[in-house]
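This one's a predicted model, so the numbers in the text were calculated from it and none came from an experiment. Letters A, B, ... mirror the listed sequences (proteins, then strands); counts begin at 1.
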Number of protein chains: 2
Amino acid sequence: MTIDEIIDQIYNIPESSKTALKENISEVAYPKNHILLKADKIEANIYFIKKGIVRAFAPQKEKDITFWFGEEGETILSMKSYVERKKGYENVELLEDCELYELKVAHLNNLYNQDIHIANWGRKLAEKELLKIESRVISSELLSAKERYDALMSNSPSLIQRVPLKYIASYLGITPVSLSRIRKEK
Amino acid sequence: MTIDEIIDQIYNIPESSKTALKENISEVAYPKNHILLKADKIEANIYFIKKGIVRAFAPQKEKDITFWFGEEGETILSMKSYVERKKGYENVELLEDCELYELKVAHLNNLYNQDIHIANWGRKLAEKELLKIESRVISSELLSAKERYDALMSNSPSLIQRVPLKYIASYLGITPVSLSRIRKEK
DNA sequence: GCTATTATTTATCATAGGATAATTTTGCTG
DNA sequence: CAGCAAAATTATCCTATGATAAATAATAGC
């Protein structure tokens, strides 16, 4: 996925603003299993996924909670670091070798203060993330584990090919054993 | 809570921008039980709570799911309407007689395109809402029903005084019967 | 390709929370 | 302040999911 496509799908901005934004973005690549963002660290960068898939998880003694998967085109950020410059909850781990676009938050904040189009682009970025997480909260309170699994599979069928089931189980809020039961019943 | 306090707690903007924003805000009052926002309607306004308490719920056949409470100083909006101009998931119902600040989304969008300070204020509004909902997703996957109840009580002790338990149970993702059990065990 | 490690499945048993219904308490409204 | 309706509690029984352990399958490193 190109950086232009990623920027455009968030919010359309004039070419000049897009150029300014892109001047602050560089490409990086990391191997599978790399930990890109660390909880308990104030992260200086945000990323967009050119190629690959990642998971965000809240590390806990004995059990990590996977609470997000990101695929091509999606934004990776530690919300706490990005918004409040505080340590976040989450580690982000690459589940495949990944190519990423990297953007320094400090540069982005400068742009927010200089360019109204970029400020509105940043607003849309947050608003769209908010919509995603909101629909997830509602479906998690509305649906049984089996229904959540079915919904995930129909919304993101590639996940099951690309992501170990134990992480999907954690994302669904159940144990791998229970997920196995659910899958068998189908 | 004054409108100045509410605006400032989201993000500090120059007086001239604040004046422009406030010119588009009016005060309204509605009685307890009034339905302020309706699911399946594209809402034209957002609100800030001057006085009172409200709940947002996703109406379902047989069981409504309460997924948010708003108190003084908080923002009431249908995220779907606000971001995408589409019908939302939620009704918002007043749980007390309320005094509200009302702001037309169409006017706000004009300001976003004219005033970079207001654009960044709107960005912060979304980002802060995102942080709130994110911390809730994580705690809901991390904690048992009893722990979530305890956490809610210590974060928002006034809720239990102001909100019927059946709504708190729904918010916690359990039945009123089960909440009653949890409270008894203490 | 072989072996060690890790993931997944299967089985058994335990438990938190759901469903239902009856009872008590609270809170409106005339 | 009486009487009704709604909310909350309590009790009983039930079910989905958890915990644990063992067996199998998949994966990765040599």
Side-chain angles (χ1 to χ4, degrees), chain A residues 30-35 52-55 57 59-67 69 91 93-98 139-153 158-186, chain B residues 31-35 52-53 55 57-67 69 93-97 139-153 159-186:
Chain A
Y30 293 103
K32 181 170 176 174
N33 297 324
H34 177 73
I35 303 291
I53 192 166
V54 309
R55 74 176 180 116
F57 64 100
Q60 298 294 312
K61 33 182 148 43
E62 296 304 303
K63 55 164 186 179
D64 297 342
I65 313 284
T66 295
F67 63 92
F69 297 109
N91 287 5
E93 176 187 13
L94 309 190
L95 298 176
E96 299 173 350
D97 295 347
C98 284
S139 84
S140 84
E141 299 208 355
L142 230 57
L143 306 178
S144 69
K146 177 163 180 24
E147 290 168 324
R148 274 176 277 145
Y149 174 75
D150 293 342
L152 184 66
M153 288 307 98
S158 66
L159 272 190
I160 205 172
Q161 314 298 334
R162 300 173 79 182
V163 175
L165 290 172
K166 62 177 181 172
Y167 298 143
I168 292 177
S170 175
Y171 177 85
L172 294 171
I174 58 180
T175 59
V177 172
S178 185
L179 177 57
S180 187
R181 260 192 302 234
I182 284 169
R183 282 159 56 82
K184 190 183 178 185
E185 282 165 18
K186 296 205 56 119
Chain B
K32 181 170 175 171
N33 297 324
H34 177 72
I35 303 290
I53 191 165
R55 73 176 181 117
F57 64 101
Q60 299 294 313
K61 33 185 148 47
E62 295 305 302
K63 56 164 182 177
D64 296 343
I65 313 282
T66 295
F67 63 91
F69 297 108
E93 177 187 14
L94 309 190
L95 298 176
E96 300 174 350
D97 296 347
S139 84
S140 83
E141 298 208 356
L142 230 58
L143 306 178
S144 69
K146 180 168 179 21
E147 290 168 324
R148 274 177 276 146
Y149 174 75
D150 292 343
L152 183 67
M153 287 308 98
L159 273 189
I160 207 174
Q161 314 298 333
R162 300 173 80 181
V163 175
L165 290 172
K166 61 177 181 170
Y167 299 144
I168 291 176
S170 175
Y171 177 86
L172 294 172
I174 59 180
T175 59
V177 172
S178 186
L179 177 57
S180 189
R181 259 192 300 234
I182 285 169
R183 284 159 54 81
K184 189 184 179 185
E185 282 163 19
K186 299 207 55 125

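- Residue A:Leu143 contributes atom CG, which lies 16 Å from atom P of D:dA16 at whole-angstrom precision.
- Closest approach of A:Leu165 and A:Leu179 over heavy atoms only: O-CD2, 3.5 Å.
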Under-3.5 Å N/O pairs linking protein and nucleotides 24-30 of chain D:
residue	atom	partner	partner atom	Å
D:dA28	OP1	A:Lys32	NZ	3.4

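- Applying the 4.0 Å criterion to OP1 and OP2 of D:dG18, one finds that A:Ser178 has a side-chain N or O inside that range.
- At distances below 3.5 Å, at least one donor-acceptor pair connects side-chain atoms of A:Glu147 with backbone N or O atoms of A:Ser144.
- To the nearest 0.5 angstrom, A:Ile65 atom CD1 is 6.0 Å from A:Gln60 atom CD.
- In the helix from C:dG1-D:dC30 to C:dG30-D:dC1, the end axes, each obtained as the rotation axis mapping the C1' atoms of four pairs onto the next four within a five-pair block, lie 60° apart to the nearest 10 degrees.
- Salt-bridge check for A:Glu96 with A:Lys32: failed, with every basic side-chain N at 4.0 Å or more from each acidic carboxylate O.
- We find that CZ of A:Arg148 is positioned 7 Å from P of D:dT17, with the value rounded to whole Å.
- With rounding to whole Å, A:Lys184 atom NZ is found 17 Å from C:dA7 atom C1'.
- C:dA7 atom C1' lies 13 Å from atom CD1 of A:Ile168, rounded to whole Å.
- Taking the ring axis of A:Phe69 as reference, the NZ or CZ atom of A:Arg55 does not stay both within 45° of it and closer than 6.0 Å to the ring centre.
- Considering CE of A:Met153 and CG of A:Leu159, their distance stands at 5.5 Å, rounded to 0.5 Å.
- An OP1 or OP2 oxygen of C:dG18 is reached within less than 4.0 angstrom by a side-chain nitrogen or oxygen of B:Thr175.
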Item to complete: Give the intermediate values and the outcome of side-chain hydrogen bond (donor to acceptor under 3.5 Å, both in side chains) for residues B:Tyr171 and B:Arg148.
Response: CA-CA 10 Å; B:Tyr171 177 86; B:Arg148 274 177 276 146; over 6 Å; no

Using nucleotides 4-8 of chain D, report all nitrogen or oxygen pairs with the protein that are shorter than 3.5 Å.
residue	atom	partner	partner atom	Å
D:dA7	OP1	B:Lys166	NZ	2.5
D:dA7	OP2	B:Lys166	NZ	3.0
D:dA8	OP1	B:Leu165	N	2.7
D:dA8	OP2	B:Leu165	N	3.4
D:dA8	OP2	B:Lys166	N	2.9

